[in-house]
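I have placed the structure first, in the form of structure tokens, so that the comments after it can refer back to it.
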Protein chains: 2
Amino acid sequence: MTEAIKAAPIEVPDVGVPGVHRIEDYALKELMPTVLDMTRAVYPHDEIFGEYCTVHDYIAAPPDEVYDYLSDTRSLAEWTYSMRGFERTDTPDLWVSDDRIGTETRIYTRTEANPQARTVDYHCAWDQGEHLWMIYLMRVVDAQKVFHKPGSVVLWTNCHHPFYENNGYPETAPADRPVWVGDFWNIFAAGHLLELKNLKAICEHRHANGLPIKPEWMN
Amino acid sequence: MTEAIKAAPIEVPDVGVPGVHRIEDYALKELMPTVLDMTRAVYPHDEIFGEYCTVHDYIAAPPDEVYDYLSDTRSLAEWTYSMRGFERTDTPDLWVSDDRIGTETRIYTRTEANPQARTVDYHCAWDQGEHLWMIYLMRVVDAQKVFHKPGSVVLWTNCHHPFYENNGYPETAPADRPVWVGDFWNIFAAGHLLELKNLKAICEHRHANGLPIKPEWMN
């Protein structure tokens with residue numbers, strides 16, 4: 001049995017910051033009307049997906065293998081809807097591919113991954129590779145810890161960067177391209193959930209069939 | 001200007017997994033009705049917060065300082081609603097405190113943090129410190145990268161572990177305790193958002209006043 005080793009807890013000075021809700025100042029029954037009012041039967045799309053777009057899913061495959069696959073930029077050629085034809089650039093770790101959702105669109109990607117935290121961040125941009133402002137923040141979590149069963153949980157967040165509304169580099173865009181990536185912001189939640197289901201299907205299919213999740217051709 | 005260095009993109013074998021939606025098989029205009037149907041004016045509470053509970057917010061303070069503060073377990077004594085009276089236990093890095101939301105409740109916490117990814121995971125449990133199944137997954141992101149302005153973005157996800165529904169260690173609970181932590185799952189989104197606003201208020205107040213975000217007493 002784990003026991004406290006000190007006779008007295010640490011002393012914490014008064015926080016003294018306006019607008020902070022702590023139990024000393026707001027008893028639970030006093031705060032509950034506010035909390036219940038914030039808890040709704042339904043939430044508007046913009047409140048949930050306007051500023052941040054997060055999707056989550058469970059994958060029946062080991063977290064380190066899912067992480068290893070995701071952290072290879074070329075995996076995007078498999079599980080995304082429209083990123084294809086990856087080529088290395090003359091900048092280390094920077095890849096360029098086609099984003100077939102935008103007619104004649106080149107997309108640049110640099111992946112930053114951390115095996116201990118199992119974070120995988122895709123730093124991307126349409127048209128130019130100097131300022132990678134489209135950032136896909138992903139994380140693979142051990143489902144044994146958070147759901148008490150083997151497998152992975154994948155968290156995926158995008159933030160509504162102002163360039164989704166106004167292209168910061170219009171001079172790099174192909175003339176007369178009919179779409180801009182930010183036109184799709186409203187359907188990112190649905191689109192990313194579909195792609196996450198792609199990732200889930202691929203990982204689960206390979207794991208269930210005794211295949212490596214990261215395919216041979218990536219090694 | 002960054003240029004592709006290969007004459008031809010990498011070859012990707014056919015993915016060949018059922019249930020995967022890729023542009024080769026589903027043209028955008030073909031998939032759009034599905035995507036639009038998944039995109040609603042409103043979403044029910046359980047669809048958004050039933051299995052995963054994620055809250056996000058922007059904080060006008062530097063990400064490394066916010067991370068440094070969060071990654072110290074004792075910060076929970078300031079920005080959470082009800083965790084107070086932290087004491088070290090005889091297990092390294094494991095703290096015990098009161099969770100005043102549960103009458104007479106002790107809560108155990110071990111923090112796993114990664115300064116490169118800026119992830120901060122609080123592994124917690126009510127009543128016992130052997131199996132820390134209540135996991136608060138947090139991450140501090142540089143707002144300059146994702147929002148094109150200085151500051152931090154904090155992501156916070158909890159997963160609906162089965163013990164929220166059925167206490168896995170009922171023998172460790174105080175007799176006749178009127179509440180269980182899982183009773184609050186439905187209001188986690190609102191409660192965690194309130195606590196995230198606490199964190200925001202504390203960090204912004206200190207940063208705006210030239211104070212260290214991690215207070216002196218924690219050093």
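Atom CD of Glu112(B) sits about 11.0 Å away from atom CD of Gln116(A), to the nearest 0.5 Å. To the nearest 0.5 Å, atom NZ of residue Lys145(B) and atom NE2 of residue His123(A) are 5.5 Å apart. To the nearest 0.5 angstrom, Ile101(A) atom CD1 is 5.0 Å from Leu28(B) atom CG. Atom-to-atom distance recorded for Phe163(A):CZ and His148(B):NE2 is 3.5 Å, nearest 0.5 angstrom. Separating the CE atom in Met83(A) from the CZ atom in Arg22(B) is a distance of 12.5 Å, to the nearest 0.5 Å.
There is no contact between Ala189(B) and chain A, counting heavy-atom distances below 4.5 Å. Looking at Tyr136(A), there are no atoms closer than 4.5 Å to chain B (heavy atoms on both sides), in backbone or side chain. For Ile48(B), the part lying near chain A is the side chain, with the backbone staying farther off; criterion is any non-hydrogen pair under 4.5 Å. For Leu199(A), no part lies near chain B; criterion is any non-hydrogen pair under 4.5 Å. With a 4.5 Å cut-off on non-hydrogen atoms, Ala27(B) touches chain A through its backbone but not through its side chain. Residue contact with chain A, scored on non-hydrogen atoms closer than 4.5 Å, involves the backbone and the side chain of Arg100(B) alike. Both the backbone and the side chain of Val146(B) come within contact range of chain A, judged by heavy atoms closer than 4.5 Å. Proximity to chain A is absent for every atom of Arg118(B), based on heavy atoms less than 4.5 angstrom apart. In this structure, the portion of Leu36(B) lying under 4.5 Å from any heavy atom of chain A is its side chain and not its backbone. Neither the backbone nor the side chain of Met218(A) comes within contact range of chain B; no heavy atoms are under 4.5 Å apart. With a 4.5 angstrom heavy-atom cutoff, Met32(B) touches chain A only via side-chain atoms.
No more than 12 heavy-atom neighbours from other residues, nucleotides or ligands sit within 6.0 angstrom of CG on Asn166(A). Around atom CD of Glu11(B), no more than 12 heavy atoms belonging to other residues, nucleotides or ligands sit under 6.0 Å away.
The closest side-chain heavy-atom distance from Glu78(A) to Val12(B) is below 4.5 Å.
By number of non-hydrogen pairs under 4.5 angstrom with chain A, the leading residue of His205(B), Met38(B), Arg139(B), His160(B) is Arg139(B). Interface remark: of the candidates Gly19(A), Pro215(A), Gly191(A), Pro162(A), Pro162(A) forms the most heavy-atom pairs closer than 4.5 Å to chain B. In terms of heavy-atom pairs under 4.5 angstrom with chain B, the leader among Ala77(A), Ser97(A), Pro44(A), Cys159(A) is Cys159(A). Between chain B and the options Ala201(A), Ser82(A), Pro13(A), heavy-atom pairs under 4.5 Å are most frequent for Pro13(A). No other option in Thr91(B), Thr80(B), Thr172(B), Asp121(B) has as many heavy-atom pairs under 4.5 Å with chain A as Asp121(B). Most heavy-atom pairs under 4.5 Å with chain B: of the set Val15(A), Thr89(A), Ile187(A), Leu132(A), this distinction falls to Thr89(A). In terms of non-hydrogen atom pairs under 4.5 Å with chain A, the most contact-rich of Leu194(B), Asn114(B), Thr157(B) is Asn114(B). The most heavy-atom pairs under 4.5 Å with chain A, out of Val141(B), Ile135(B), Asn158(B), come from Ile135(B). The residue among Val35(B), Leu94(B), Val96(B), Leu193(B) with the most heavy atom pairs within less than 4.5 Å of chain A is Val35(B).
Under the 30°/60° scheme for interplanar angles, the aromatic rings of Phe147(A) and Tyr52(B) are found to stand perpendicular. Under the 30°/60° scheme for interplanar angles, the aromatic rings of Phe49(B) and Tyr43(A) are found to stand perpendicular.
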*asked:* Go through it in stages, so that I can follow the logic: the residues are Thr54(B) and Leu155(A), the test is side-chain contact (heavy atoms from CB on, under 4.5 Å), and I'd like the CA-CA distance, side-chain angles, deciding distance and then a yes or no.
replied: CA-CA 9 Å; Thr54(B) 296; Leu155(A) 315 179; 5.7 Å; no

*Give the C-alpha distance, both sets of side-chain angles, the deciding distance and a yes or no for side-chain contact (heavy atoms from CB on, under 4.5 Å) between Asn186(B) and Thr39(A).*
CA-CA 8 Å; Asn186(B) 283 336; Thr39(A) 305; 5.5 Å; no

*For side-chain contact (heavy atoms from CB on, under 4.5 Å), just list the numbers for Trp217(A) and Ile10(B), CA-CA rounded to whole Å, side-chain angles, deciding distance to a tenth of an Å, and then say yes or no.*
CA-CA 10 Å; Trp217(A) 65 266; Ile10(B) 54 162; 3.7 Å; yes

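Put simply, the side chain of Tyr81(B) gets close to the backbone of Tyr26(A): a donor and an acceptor are under 3.5 Å apart.
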